[in-house]
Asker: 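Handing you this structure, nothing more for now.
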Amino acid sequence: MGLNLTRKILKAHLVEGDLTVGKPILIKIDHTLTQDATGTMAYLEFESLGVDRVQTEKSVSYVDHNTLQEDFKNDDDHTFLRTIAQRYGLYYSRPGNGICHQVHLERFGAPGKTLLGSDSHTPTGGGIGMLAIGAGGLDVAFAMAGEPYFLKMPKVVKINLTGKLQPFVSAKDVVLELLKRFNVKGGVNKIFEYAGPGVKTLEVPERATITNMGAEMGLTTSIFPSDEITKNYMKRQNREEQWVKFEADRDAEYDEIVDIDLSKIVPMVAQPHSPGNVVAVSELADLEVNQIVVGSCTNSSYADIVTVAKMIEGRQVPIGVSAGLLPGSRQIMQHLAAEGYLKIFIDSGVRLLESSCGACIGMGFAPGDNAVSVRTFNRNFEGRSGTKTAKVYLASPETAAACIITGKMTDPRTLNIKPFKVKLPSKYSVDDKRIIFPLPADLSMKIEVKRGPNIKPLPIKEPLKSKLEGEVLIKVGEDITTDHIMPAGAKVLPLRSNIPEISKFVFSSVDKDFYQRALDKKEKGGGIIVGGENYGQGSSREHAAIAPMYLGVNAVIVKSFARIHLANLVNFGIIPFEFKNKADYDDIFLGDKIEIDTSDLSKQPVSMKNITKNKIYELVHPLTSEEILWIKAGGKMNFIRNKHKNGGK
Ligand code: MIC
Ligand code: SF4
């Protein structure tokens, strides 16, 4: 039997392991990307590894999240990121140049390469045939230092695409249909590999929309083959010479197969407050809409935005409705300006926002109290928009445009607009003037790294004791996101480089007393978090592990974990336990005093005593023997430092 595309790339990058599903593998990383909100920590971590220059083929540092600049903090972070990029041989994409995933696709992505990014939507690169994985900052720091990346071999699922999308139905609807089927945990430990005759009907940015939002299903990543369509995209980006064909063997084997007939897909929408809560737009027809935003790394390509422009041309945003546009990159902005599309938006009353993440991460353009906001984004977790009471719906650019026209939830097919196909430019406006290229080694050595007063060193955890004694600091339910654990938004994001300050916001939207409670218990040995299934879904922000670690959290006990958060907990020395018997979750409460025998984590199950109830439970964990060593040392960083101190032993 032949190889699928995923296994071909993994095989070519394999450093250790044998690609048996569920078994640990180490792979070589070719590209890395960071964005500013996770990047400052990642570079502080990289610095402390003592490497003189990044060891990858290409490492790019983007600034796209923290661009509101309410005070000195964001700009200081940008300066830090710029100077550290120049010091260590990275590319630096300046604020305003665009959203990391969009720009990486345009200017750097290359088929067959591996990409590790400190952002959960790094799989956007799968649209151009990269094996692109989201991870915590520390994992990216190690990859920049030339270390291979560790993961457990996922199952590879073939998504067999047939047919062709109908007018006003688009790639977003395809991935929403998949989310309807798989929900937010159906993709954990899986890679979706797209194949079949329908692949040829999708352009690279459409493919990237689909791979981008695979993150919402918990997938390790998603990937499309690299074919003539990929070649044409790269040609338009003036990078044809970097194209290589990459496809699965004809007789490739897969762990599962799912069939999707593109011609049967209809406009879909994810309802509040989960990307997995999907229904057909027609089911919500006429729901009054107060706000619409077009943009984000999911849906801000040239074709996405031109489609909206063409649909709304000559119309006015209705009274009572506010609409905004966040183009994905400066390249797209240049086209919109040169080809007259910006004028259409301005004439219609759509508000022009910066080419950045912006409203997607609650950096401005928050909806009103109880407002209904339709967004072309990928996440609609409660409060993420900046307004706790807002009801955010996720939809395609076509549906968003229809809502701009009517002020109501509208299936775009009902508007009687003549179907059209956006003609792509034969050459995109290629202009890398807002990217600072790596300096040669002799010059980079002379660069002084500048740090603002808000950039604080990474806190250090104590080594693990043989017995953990602590109190349950919080008990949360199912599908808790990293936005619940460590919120983002305009108030909190500027503190990403300052763990003592940002830790004040841990679980703040769930339980405002968490911080104080954790702090009180910190001196007395620390605390424990208890949660349900899929704990830590969503973003890759390692702050959701570092800040609890700083507050003395020693263990998280849940029914199951989301992949990236699990790795982040391990990296920072917090033990990720799962209930052996899931029903035990019901028996543990806030304030219960817990004792866990951690003297030998290699033996499972691990015994936990609820002292308050005088009961014993069994816990399990997914740690490898190497990871147990990290946990014992108080985290991966401590482990590596100790190893260096002991002369590598
Ligand atoms: C997100 O979409 O949630 C973010 C903000 O891009 C995060 C990264 C972060 O929290 O900085 C992600 O997706 O990893
Ligand atoms: Fe930025 Fe939103 Fe994409 Fe995250 S999901 S990278 S915040 S645009």
Side-chain angles (χ1 to χ4, degrees), residues 33-42 61-68 74 77 81 93 95 98-105 116-125 132-137 139-140 172 175 208-209 211-216 218-219 221 275 293-301 304 324 326-329 353-365 375-381 383-386 392 394 481-490 492-497 502 505 536-547 562-565 567-568:
L33 73 75
T34 56
Q35 39 86 345
D36 50 327
T38 54
T40 49
M41 269 302 140
S61 171
Y62 293 92
V63 177
D64 52 5
H65 282 62
N66 259 323
T67 57
L68 265 190
N74 293 168
D77 281 355
L81 291 167
S93 173
I99 305 174
C100 55
H101 309 302
Q102 178 65 35
V103 180
H104 208 82
L105 203 64
L116 195 71
S118 63
D119 192 282
S120 64
H121 291 107
T122 303
T124 314
I133 304 178
D139 286 324
V140 177
K172 179 64 153 284
V175 71
T209 294
T211 60
N212 170 286
M213 237 182 136
E216 273 51 71
L219 290 165
T221 190
V293 201
V294 176
S296 91
C297 57
T298 319
N299 272 129
S300 59
S301 69
D304 286 340
L326 291 150
S329 68
L353 303 163
E354 194 180 12
S355 182
S356 68
C357 299
C360 177
I361 191 59
M363 293 300 265
F365 218 70
R375 300 170 160 217
T376 64
F377 304 171
N378 49 33
R379 289 188 176 143
N380 57 348
F381 305 143
R384 181 176 160 102
S385 65
V392 176
L394 307 172
T481 70
T482 47
D483 280 68
H484 289 108
I485 307 168
M486 185 75 262
V492 186
L493 268 177
L495 303 172
R496 283 289 182 93
S497 319
I502 206 168
F505 294 89
Q537 67 156 324
S539 127
S540 69
R541 62 190 72 149
E542 58 186 353
H543 302 72
I546 307 175
R563 181 185 65 88
I564 307 180
H565 186 59
N568 287 337

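As the structure is a computational prediction, the values presented were derived from the model and not from experiment. Side chains are part of it too, since the values below use all heavy atoms of this structure and drop only hydrogens, waters and symmetry mates. Just follow the structure's listing: the first ligand is 1, and inside any ligand the first atom is 1. This chain uses plain numbering: 1 for the first residue, then up along the sequence.
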Asker: Which of the atoms in ligand 2, numbered in the order shown and given with their element, are less than 4.0 Å from a heavy-atom of N378?
Answerer: 5 (S)
Asker: For atom 4 (C) of ligand 1, which of M41, H121, H65 has the closest heavy atom?
Answerer: H65
Asker: Go through ligand 1 atom by atom and flag the ones less than 4.0 Å from a non-hydrogen atom of S540.
Answerer: 12 (C), 14 (O)
Asker: Using a 4.0 Å cut-off to any heavy atom of R379, which atoms of ligand 1 qualify?
Answerer: 1 (C), 2 (O), 3 (O), 12 (C), 13 (O)
Asker: Where the side chain of Q102 meets the backbone of L105, is there a donor-acceptor pair that is under 3.5 Å apart?
Answerer: no
Asker: Do ligand 1 and S539 have nitrogen or oxygen atoms that lie under 3.5 Å from each other?
Answerer: yes
Asker: Record the part of H101 in heavy-atom contact with ligand 1 below 4.0 Å; permitted values are side chain, backbone, both and neither.
Answerer: neither
Asker: For D119, counting its heavy atoms only, list the atoms of ligand 1 lying under 4.0 Å from any of them.
Answerer: 4 (C), 6 (O), 7 (C), 8 (C), 12 (C), 13 (O), 14 (O)
Asker: Are a donor atom and an acceptor atom from the side chains of D77 and T40 found within less than 3.5 Å of each other?
Answerer: no
Asker: For the backbone of L394 and the side chain of N380, can you confirm whether one donor and one acceptor N or O come within less than 3.5 Å of each other?
Answerer: no
Asker: Name the residue from E216, R541, R379, Q537 that meets the side chain to side chain donor-acceptor pair (under 3.5 Å) definition with S120.
Answerer: R379
Asker: Where on H543 is there a heavy atom closer than 4.0 Å to ligand 1, on the side chain, on the backbone, on both, or on neither?
Answerer: neither
Asker: Which heavy atom of A547 sits nearest a heavy atom of I502, and at what distance?
Answerer: CB-CG2, 4.4 Å
Asker: Under 4.0 Å from a heavy atom of R384: which atoms of ligand 1 are those, numbered in the order shown and with their elements?
Answerer: 1 (C), 2 (O), 3 (O)
Asker: Ignoring hydrogens and angles, tell me if any N or O in the side chain of H104 forms a donor-acceptor pair with the backbone of G125 under 3.5 Å.
Answerer: no
Asker: Is ligand 1 under 4.0 Å from a heavy atom in the side chain of I361, in the backbone, in both, or in neither?
Answerer: side chain
Asker: Treating S356 as the side-chain partner and H65 as the backbone partner, does any N or O pair qualify as donor plus acceptor under 3.5 Å?
Answerer: no
Asker: Has the side chain of S355 got a donor or acceptor atom that lies under 3.5 Å from a matching backbone atom of P327?
Answerer: yes
Asker: Taking atom 1 (Fe) of ligand 2 as the centre, count the protein N/O/S atoms lying under 2.8 Å from it.
Answerer: 1
Asker: So is there a nitrogen or oxygen of R496 less than 3.5 Å from a nitrogen or oxygen in ligand 1?
Answerer: yes
Asker: Considering only non-hydrogen protein atoms, determine which one is nearest to atom 13 (O) of ligand 1 and report residue, atom name and distance to 0.1 Å.
Answerer: S120 OG, 2.5 Å
Asker: Within the 4.0 Å heavy-atom shell around A37, which atoms of ligand 1 are there?
Answerer: 11 (O)
Asker: Do N212 and N378 have side-chain N/O donor and acceptor atoms under 3.5 Å apart?
Answerer: yes
Asker: Quick check: closest heavy atoms across D483 and S539, and the distance to 0.1 Å?
Answerer: OD1-CB, 4.5 Å
Asker: In the protein, what heavy atom is nearest to atom 10 (O) of ligand 1, and what distance, to one decimal place, separates them?
Answerer: R541 NE, 2.7 Å
Asker: Write out the residue and atom name of the closest protein heavy atom to atom 8 (C) of ligand 1, then the distance separating them to 0.1 Å.
Answerer: Q35 NE2, 3.1 Å
Asker: Do side-chain atoms of R375 reach the backbone of S385 as a donor and acceptor pair under 3.5 angstrom?
Answerer: no
Asker: Please confirm whether the backbone N or O of C100 pairs with a side-chain atom of D64, one donor and one acceptor, at under 3.5 Å?
Answerer: yes
Asker: Which of the atoms of ligand 1 are close to T38, meaning less than 4.0 Å from one of its heavy atoms?
Answerer: 9 (C), 11 (O)
